[in-house]
Student: 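Sharing a structure, written as structure tokens. Questions coming.
For ligands, and for the atoms within them, numbers begin at 1 and follow the listed sequence.
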Amino acid sequence: MSDFKNLVENNKEQYLDELFELLRIPSVSADPKYKADVLRAAEVVKAGLIKAGADNVKLCPTPGFPIVYGEKIVDASLPTVLVYGHYDVQPPDPLDLWTTPAFEPVIRNGSIYARGSADDKGQFFMHVKAFELMMQSGELPCNIKFMIEGEEEVGSSNLEPFLEANKSMLKADCVLISDTSMIANDVPSITTGLRGLSYLEVEVTGPNRDLHSGVYGGGVANPINVLCEMIASLKDAEKKIIIPGFYNDVIELTQAEREMLNSAPFNEEEYKHELKVGDVMGEKGYSTLERTSTRPTLDVNGIWGGYTGEGAKTVLPSKAYAKISMRLVPNQSPDKITRLFEDHFRSIAPASVKVVVKPHHGGQPAVTPVDSDEYRAAAMAMKHTFGKDPIPARGGGSIPIVAAFEQILGLKSVLMGFGLDTDDIHSPNEHYGIFNFLKGIETIPYFYKYYAELKKGQ
Ligand code: BES
Ligand code: MN
Ligand code: MN
């Protein structure tokens with residue numbers, strides 16, 4: 001094998017320049033005002049794959065944003081790896097909290113600051129560059145298919161039908177994804193599970209119009225007060241979610257699995273210090289690592305209503321709203337949980353208000369095996385470039401399509417991400433370490449080398 005570390009080092013300025021071009025495009029899938037930019041990002045990804053040496057590169061249309069596809073079939077007898085990533089990003093808001101603008105990438109303290117730098121442009125782009133390097137050095141030991149989508153951050157709802165309709169084009173032996181984090185730069189890890197998601201919006205209406213809070217205050221329901229009471233009642237004193245049936249399908253981890261999970265390096269004092277919180281908080285009986293990976297949650301993501309402008313306005317509002325998400329764990333179904341929430345939320349509403357529940361997108365949870373060739377190949381690759389065996393660790397976020405890869409294509413995924421939890425993804429000042437970006441490009445070729453070897457030995 002070539003000295004990939006050296007090759008990456010020699011090309012790093014070029015790689016960064018090309019990544020910056022992609023990061024300058026505000027490909028926000030959630031907001032229609034960025035539509036042209038999302039489409040432009042797809043074109044740039046397509047051009048990048050062509051430049052790297054992929055064949056049959058195309059934009060596959062969907063009812064939403066296109067899926068960028070490209071492949072290199074070296075030899076039909078070699079294993080085929082399907083690389084998945086997403087070129088869409090989260091909205092950059094709140095803009096005023098960015099030190100430098102979200103779509104003007106800069107390097108500070110060894111990190112690339114820009115929306116999408118870690119999630120997921122910087123990460124899928126490592127695969128494009130690693131592929132390019134393997135093509136240049138004539139060492140591509142597997143067939144590769146790239147599928148980079150533009151709607152991950154809005155639930156990937158058009159991707160499932162795409163998988164259904166393109167089973168033969170997407171035929172592969174496994175899926176390789178870099179869209180998660182590791183424990184630390186000196187503690188490599190591979191994500192072995194993702195949470196699912198049920199996301200909805202609630203609207204609570206009190207009186208038919210805004211009222212003077214002195215004239216009417218005390219006599220009719222204030223929908224904001226009622227909404228707060230309803231939300232507060234969804235958990236008990238031990239922070240268990242009390243929606244009937246909520247935990248019914250949760251598979252409890254065995255004692256051995258819990259011990260394994262809790263043995264991962266984690267310093268709660270540092271965690272609190274880094275987040276500037278006086279204490280952690282969560283479901284009784286579980287550690288912070290468990291609460292953030294293998295336990296379901298319920299959180300308000302936004303809440304509004306009434307007067308929120310400057311100064312004081314005395315008003316008893318007519319309406320109150322909240323956006324609520326529930327992170328789900330394996331075996332919980334997003335549709336079922338959404339239904340349970342809706343039924344319960346209506347049932348606890350007092351007669352003084354009306355409640356409307358609007359479901360948004362969901363996502364299925366997933367677990368990925370540690371006894372597969374793809375996991376072993378990823379672990380061997382990381383061991384090679386980090387000098388340490390990676391630790392298997394469950395992740396708390398969601399990648400909705402991972403469950404569908406298994407259900408529709410029959411493919412297992414390996415989640416070899418190179419980000420860190422502190423990269424501030426979805427938050428102002430998202431960043432991705434240059435170390436992580438380059439380490440990823442260096443590690444990926446070894447995945448293919450070991451995967452081909454493992455498959456050949458069978
Ligand atoms: N890359 C993240 C998911 C992630 C991040 C998993 C870090 C594990 C560790 C992904 O882009 C994401 O943000 N997903 C959304 C899914 C949703 C929009 C359906 C999420 O988790 O909120
Ligand atoms: Mn992502
Ligand atoms: Mn994301």
Student: Quick one: look up the protein heavy atom nearest atom 7 (C) of ligand 1 and list residue, atom name and how far away it is.
Tutor: Ile425 CD1, 3.9 Å

Student: If you measure from each non-hydrogen atom of His426 to ligand 1, which part falls under 4.0 Å: side chain, backbone, both or neither?
Tutor: side chain

Student: Using 2.8 Å as the threshold, say whether any N, O or S atom from Glu153 sits that close to the Mn ion (ligand 2).
Tutor: no

Student: How long is the span from the NZ atom in Lys129 to the CZ atom in Phe437, to the nearest 0.5 Å?
Tutor: 8.0 Å

Student: Checking contacts here: is it the side chain or the backbone of Thr191 that comes within 4.0 Å of ligand 1, counting heavy atoms only? Could be both or neither.
Tutor: neither

Student: Under 2.8 Å from the Mn ion (ligand 3), is there any N, O or S atom belonging to His426?
Tutor: yes

Student: List the closest protein heavy-atom neighbour of atom 8 (C) of ligand 1: residue, atom name, distance to the nearest 0.1 Å.
Tutor: Thr180 CG2, 3.7 Å

Student: Might you confirm whether atom NZ of Lys35 has over 12 heavy atoms from other residues, nucleotides or ligands at distances under 6.0 Å?
Tutor: no

Student: If you count heavy atoms of other groups shown closer than 6.0 angstrom to NZ of Lys12, is the number above 12?
Tutor: no

Student: Out of Ser157, Gly417, Ser398, whose heavy atom sits nearest atom 15 (C) of ligand 1?
Tutor: Ser398

Student: Going by the salt bridge (Lys or Arg N to Asp or Glu O under 4.0 Å) test, name the single residue among Arg327, Lys239, Lys240 that passes it with Glu283.
Tutor: Lys240

Student: Do other residues, nucleotides or ligands put more than 12 heavy atoms under 6.0 Å from Asp421 CG?
Tutor: no

Student: Taking the six-membered ring for Trp and the full ring for Phe, Tyr or His, determine whether the centres of Phe405 and Tyr84 are under 6.0 Å apart.
Tutor: yes

Student: Report the nearest protein non-hydrogen atom to atom 6 (C) of ligand 1: residue, atom name, distance rounded to 0.1 Å.
Tutor: Gly397 CA, 3.6 Å

Student: Considering heavy atoms of the protein only, find what lies nearest to atom 4 (C) of ligand 1 and give residue, atom and distance to 0.1 Å.
Tutor: Asp179 O, 3.7 Å

Student: Does Arg339 form a side chain to side chain contact (heavy atoms under 4.5 Å, CB included) with His344? I'd like the steps, not just the answer.
Tutor: CA-CA 8 Å; Arg339 232 172 18 249; His344 178 69; over 6 Å; no

Student: So which bit of Asp119 gets within less than 4.0 Å of ligand 1, heavy atoms only: side chain, backbone, both or neither?
Tutor: side chain

Student: Go through the side-chain N and O atoms of Thr422 and Glu274 and say whether any donor and acceptor fall under 3.5 Å apart.
Tutor: no

Student: What protein heavy atom sits nearest atom 18 (C) of ligand 1, and how far off is it?
Tutor: Glu153 O, 3.4 Å

Student: So which N/O/S atom does Asp119 have closest to the Mn ion (ligand 2)?
Tutor: OD1

Student: One residue to check: Asp120. Relative to ligand 1, which of side chain, backbone, both or neither has a non-hydrogen atom less than 4.0 Å away?
Tutor: neither

Student: Is it true that Phe266 and Tyr271 have ring centroids separated by less than 6.0 Å?
Tutor: yes

Student: Please state which option from Met182, Arg327, His360, Glu152 has its nearest heavy atom closest to atom 10 (C) of ligand 1.
Tutor: Glu152

Student: Please report which non-hydrogen protein atom sits nearest to atom 17 (C) of ligand 1, along with the residue it belongs to and the distance in Å to one decimal place.
Tutor: Leu197 CD2, 3.7 Å

Student: His361 to ligand 1: N or O pair under 3.5 Å?
Tutor: no

Student: Evaluate the ring planes of Phe131 and Phe146, with Trp represented by its six-membered ring, and classify them as parallel (under 30°), tilted (30 to 60°) or perpendicular (over 60°).
Tutor: perpendicular

Student: Is the Lys NZ or Arg CZ of Lys439 less than 6.0 Å from the centre of Phe386's six-membered ring, within 45° of the axis?
Tutor: yes

Student: For ligand 1, is any non-hydrogen atom under 4.0 Å from Pro400's backbone (N, CA, C, O), its side chain (CB onward), both, or neither?
Tutor: side chain

Student: Pull out every atom of ligand 1 sitting under 4.0 Å from any heavy atom of His86, numbered as shown with elements.
Tutor: 11 (O)

Student: Is the distance between the Mn ion (ligand 2) and the nearest N/O/S atom of Glu152 smaller than 2.8 Å?
Tutor: no

